[in-house]
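Sequential numbering from 1 along the given sequence is applied to the chain's residues. Because the structure is a prediction, the values reported are computed rather than measured.
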Amino acid sequence: MAEMVEYFPGIGKIQYCPDAPPTETLCFKYYNPSEVILGKPMSEWLRFSVVFWHTFRGTGLDPFGAPTLSRAWNRPAETVDDAKRRLDAAFEFFTKLGVQFYTFHDRDIAPEGASLAETNANLEAVVEHALELQQRTGVQLLWATCNLFSNPRYMHGAATSPLAEVFAYAGAQVKKGLEVAKKLGALNYVFWGGREGYASLLNTRLREELDHMANFFRMVVAYKKKIGFTGQLLIEPKPKEPTSHQYDYDAMTVIGFLRTYGLQEEFKLNIEPNHTTLAGHCHEHDIAMASAFGCLGSVDANTGSPELGWDTDQFPMSVRDCTAVMRYVLAQGGLAPGGLNFDCKVRRESTSLTDMFAAHIGAMDTFARGLRCAAKMQQDGVLDGLVATRYASYRDSELGRSIADGTATLESLEAHILKHGEPEVPSGQQETFELIFNRYL
Ligand code: XLS
Ligand code: NI
Ligand code: NI
């Protein structure tokens, strides 16, 4: 076995210290994993996960400047041994932070070779090491995914490429990806359609590309069943970036796609709030929409920057937003086998190793507060009660029940209005709802 190097010297296991002063940042003030809230420990409600790509491959590079983050595990050489060392650093971080899960793209954890066969061999060698580390630490793979967007071959898309050869390469890559996910006991498998969209409609056959994408997913389902991979398949919506239009625009669009192609039983959604805001919705909109349709599988727990407006992948630090998300998670009884995956990166000016901890601790504490606030809201039932009153006419009147159960007709509605006249329309009370919500924060 390779010699044990410590990548985060001087930092021990992060502890729950509710009485720590605000200046003590390497501890949790709110996240107490074993504390039971509404019948389940916090760790089970929250199921935190660290991403490998931003956190262990991120360099601080942006379109205007060179890398700023100098990390011992990001040495310029890119061999299988480097990749294994990088995993060692990651597992040291996971265990010191106390998260149960991690996620990766195939190309984050192992280098590409000169051919698919060589690339697969590299991946297999690194996956063996990942398995050992998982077994040694108990950290599990929340989900795996394939990077079908970085390599230039995917510049026109992968499953929606106009080139059959490229589609085939993506299929071959995902075949291996599913095998790796099975081997590592991944609880889920994610498809984020990196370049599955278009830059210009003038050169694009929308319908043909979407038909191909559906066929791709059918092949995935068939192979998943063939090899006995039992993880949940997830699609991650995003409206744009890098393409100007991405087919998996938002939750409702993906739900429509899945139902159009008869795939709705096989896939759920992985919702990323920064993508939701990029689509012009509020932070929790897609969480609410996916949950309402029984499709909320997992969350890429991040946030954007309202000043910038693109996918900045910041750590979620707003108690208001995390409370809003946790209300839906509580209402549906949890996220398992999904979790809260920090698809987040420290800003390029946050260059120290302790910033990596502060970022995750801050977000975990914010979600812990969100969970506590949402649990209190649910227990008191005040907001839920007000909402129930707002819709009571569909339960408490014969007219409402006939609409809800689908027995009403246009004729019966007309007869009702002719008999009873103009309806009484009460206030929506939005500000009252906001005021009450804030009282729980
Ligand atoms: C990019 C996506 C990506 C997926 C995994 O915007 O969030 O990181 O989560 O491919
Ligand atoms: Ni994501
Ligand atoms: Ni994203």
Exercise. Who passes salt bridge (charged side-chain N to carboxylate O under 4.0 Å, His left out) against Lys268, sequence neighbours left out?
Worked result: none
Exercise. Think Arg71 forms a cation-pi with Phe56, using NZ or CZ under 6.0 Å from the six-ring centre and within 45 degrees of its axis?
Worked result: no
For this session: Determine, step by step, whether Asp355 and Ser352 satisfy the side chain to side chain donor-acceptor pair (under 3.5 Å) criterion, reporting the C-alpha distance in whole Å, the side-chain angles of both residues, the deciding distance to 0.1 Å, and the verdict.
Result: CA-CA 5 Å; Asp355 291 324; Ser352 79; 3.1 Å; yes
Exercise. Do Met364 and Val99 come within less than 4.5 Å of each other through their side chains, counting heavy atoms only?
Worked result: yes
For this session: Determine which pairs satisfy side-chain hydrogen bond (donor to acceptor under 3.5 Å, both in side chains) with at least one residue from residues 210-235, sequence neighbours left out, and list them in order.
Result: Glu179-Tyr223, Arg207-Asp211, Asp211-Tyr261, Asn215-Arg218, Lys225-Glu266
Problem set entry | Ring centres under 6.0 angstrom apart (Phe367, Tyr30) | no
Exercise. Is a side-chain N or O of Lys345 found less than 3.5 angstrom from the main chain of Gly58, in a donor-acceptor match?
Worked result: no
Exercise. Is Ser244 reaching over with its side chain to a backbone N or O of Tyr198, donor-acceptor style, under 3.5 angstrom?
Worked result: yes
Problem set entry | is_close_aromatic(Tyr247, Phe257), centroid dist under 6.0 Å | no
Exercise. Excluding sequence neighbours, so at least two apart, what forms salt bridge (charged side-chain N to carboxylate O under 4.0 Å, His left out) with Arg107?
Worked result: Glu112
Exercise. Taking atom types as modelled and ignoring hydrogens, do the side chains of Gln173 and Asp106 form a donor-acceptor contact shorter than 3.5 angstrom?
Worked result: yes
Exercise. Parallel, tilted or perpendicular for Tyr102 and Phe104, by the 30°/60° rule?
Worked result: tilted
Exercise. Between atom CG of Leu123 and atom NZ of Lys176, what is the distance when rounded to the nearest 0.5 Å?
Worked result: 6.5 Å
Problem set entry | Partner set under salt bridge (charged side-chain N to carboxylate O under 4.0 Å, His left out) for Glu208, not counting sequence neighbours | Arg205
For this session: For Thr253 and Asp250, test the side chains for any donor-to-acceptor distance below 3.5 angstrom and give the result as yes or no.
Result: yes
For this session: May I ask you to test the Phe217-Ile235 pair for a side-chain heavy-atom distance under 4.5 Å?
Result: yes
Exercise. By side-chain contact (heavy atoms from CB on, under 4.5 Å), which residues pair with Ser34, not counting sequence neighbours?
Worked result: Asn32
Exercise. What closest approach, in Å, do Gly60 and Thr68 show between heavy atoms, and which atom pair accounts for it?
Worked result: CA-OG1, 3.7 Å
Seminar exercise, completed: Taken to the nearest 0.5 Å, the spacing of Leu330 CG from Gln379 CD works out to 9.5 Å
For this session: Ignoring hydrogens and angles, tell me if any N or O in the side chain of Asp365 forms a donor-acceptor pair with the backbone of Tyr31 under 3.5 Å.
Result: yes
For this session: For Val190 and Thr145, work out which heavy atoms get closest and say how close.
Result: O-OG1, 2.6 Å
For this session: Using atom types as modelled and distance alone, determine if a side-chain donor or acceptor of His275 lies under 3.5 Å from a backbone N or O of Pro237.
Result: yes
For this session: Write down the atom of Val126, the atom of Ala110, and the distance for their closest heavy-atom approach.
Result: CG2-CB, 3.8 Å
Exercise. So, the side chain of Thr59 versus the backbone of Leu61: is there a donor-acceptor pair under 3.5 Å, distance only?
Worked result: yes
Exercise. What residue pairs, at least two apart or across chains, pass ring pair (Phe, Tyr, Trp, His ring centres under 6.0 Å) with a residue in residues 289-329?
Worked result: Phe315-His360
Problem set entry | Test log, rule salt bridge (Lys or Arg N to Asp or Glu O under 4.0 Å), inputs Arg259 and Glu265 | CA-CA 9 Å; Arg259 288 177 188 236; Glu265 301 305 324; over 6 Å; no
What side-chain donor-acceptor pairs closer than 3.5 Å can you find for residues 433-441, not counting sequence neighbours?
from, atom 1, to, atom 2, distance (Å)
Tyr440, OH, Asp380, OD2, 2.9

Side-chain polar contacts of residues 40-50 - donor-acceptor pairs under 3.5 angstrom, sequence neighbours left out - could you list them?
from, atom 1, to, atom 2, distance (Å)
Lys40, NZ, Gly333, O, 2.8
Ser43, OG, Pro33, O, 3.4
Trp45, NE1, Ile37, O, 2.7
Arg47, NE, Gly338, O, 2.5
Arg47, NH2, Pro337, O, 3.3
Ser49, OG, Asn341, OD1, 2.7

Problem set entry | Any donor-acceptor pair under 3.5 Å from Asp300 side chain to Phe342 backbone | no
Problem set entry | Atom of Glu307, atom of Ser305 and distance for their closest heavy-atom approach | OE1-OG, 2.8 Å
Exercise. Between Phe101 and Phe94, does the ring centre distance come in under 6.0 Å?
Worked result: no
Exercise. What distance do Asp313 atom CG and Glu272 atom CD have between them, rounded to the nearest 0.5 Å?
Worked result: 5.5 Å
Exercise. Can you name the side-chain contact (heavy atoms from CB on, under 4.5 Å) partners of Ala158, sequence neighbours left out?
Worked result: Leu148, Tyr154, Ala170, Glu196
Exercise. Do side-chain atoms of Asn274 reach the backbone of Asn302 as a donor and acceptor pair under 3.5 angstrom?
Worked result: no
Exercise. Rounded to the nearest 0.5 Å, what separation is found between the CE atom of Met356 and the NZ atom of Lys96?
Worked result: 11.0 Å
Exercise. Shortest non-hydrogen contact from Leu116 to Ala172?
Worked result: CD2-CB, 3.6 Å
Problem set entry | Flag if over 12 foreign heavy atoms under 6.0 Å of CG, Leu418 | yes
Exercise. CG of Leu201 to CG of Leu206: how many Å apart, nearest 0.5 Å?
Worked result: 5.5 Å
For this session: Enter the distance from Thr103:OG1 to Ile109:CD1 here, rounded to the nearest 0.5 Å.
Result: 11.0 Å
For this session: Identify, with sequence neighbours excluded, every residue that meets side-chain contact (heavy atoms from CB on, under 4.5 Å) alongside Ser427.
Result: Gln429
For this session: Give a yes or no on whether the backbone of Ala288 and the side-chain of Ser291 come within a donor-acceptor separation of less than 3.5 Å.
Result: no
Could you list the donor-acceptor pairs under 3.5 angstrom formed by side chains in residues 381-408, with sequence neighbours left out?
from, atom 1, to, atom 2, distance (Å)
Asp384, OD1, Arg327, NH2, 3.3
Thr389, OG1, Gly385, O, 2.8
Ser397, OG, Ser393, O, 2.8
Ser397, OG, Gly400, N, 2.9
Arg401, NH1, Arg395, O, 2.7
Ser402, OG, Leu399, O, 2.7
Asp405, OD1, Thr407, N, 3.0
Asp405, OD1, Thr407, OG1, 2.6
Thr407, OG1, Ser402, O, 3.4

Exercise. Backbone N or O of Gly98 within a donor-acceptor pair of the Lys13 side chain at under 3.5 Å?
Worked result: no
For this session: Would you confirm whether Thr312, through its side chain, and Leu308, through its main-chain N or O, come within 3.5 Å as a donor-acceptor pair?
Result: no
Exercise. Taking side chain as C-beta onward, heavy atoms only, is Val346 less than 4.5 Å from Leu69?
Worked result: yes
For this session: Verify whether one side chain among Asp248 and Trp192 offers a donor that lies under 3.5 Å from an acceptor in the other.
Result: no
Exercise. Is Arg348 atom CZ crowded by more than 12 heavy atoms from other residues, nucleotides or ligands, each under 6.0 Å away?
Worked result: yes
Exercise. How would you list, by chain and number, every residue that makes a salt bridge (charged side-chain N to carboxylate O under 4.0 Å, His left out) with Asp311, sequence neighbours excluded?
Worked result: Lys238
Problem set entry | Taking every non-hydrogen atom, the tightest pair across Gly339 and Ser298 | N-OG, 3.0 Å
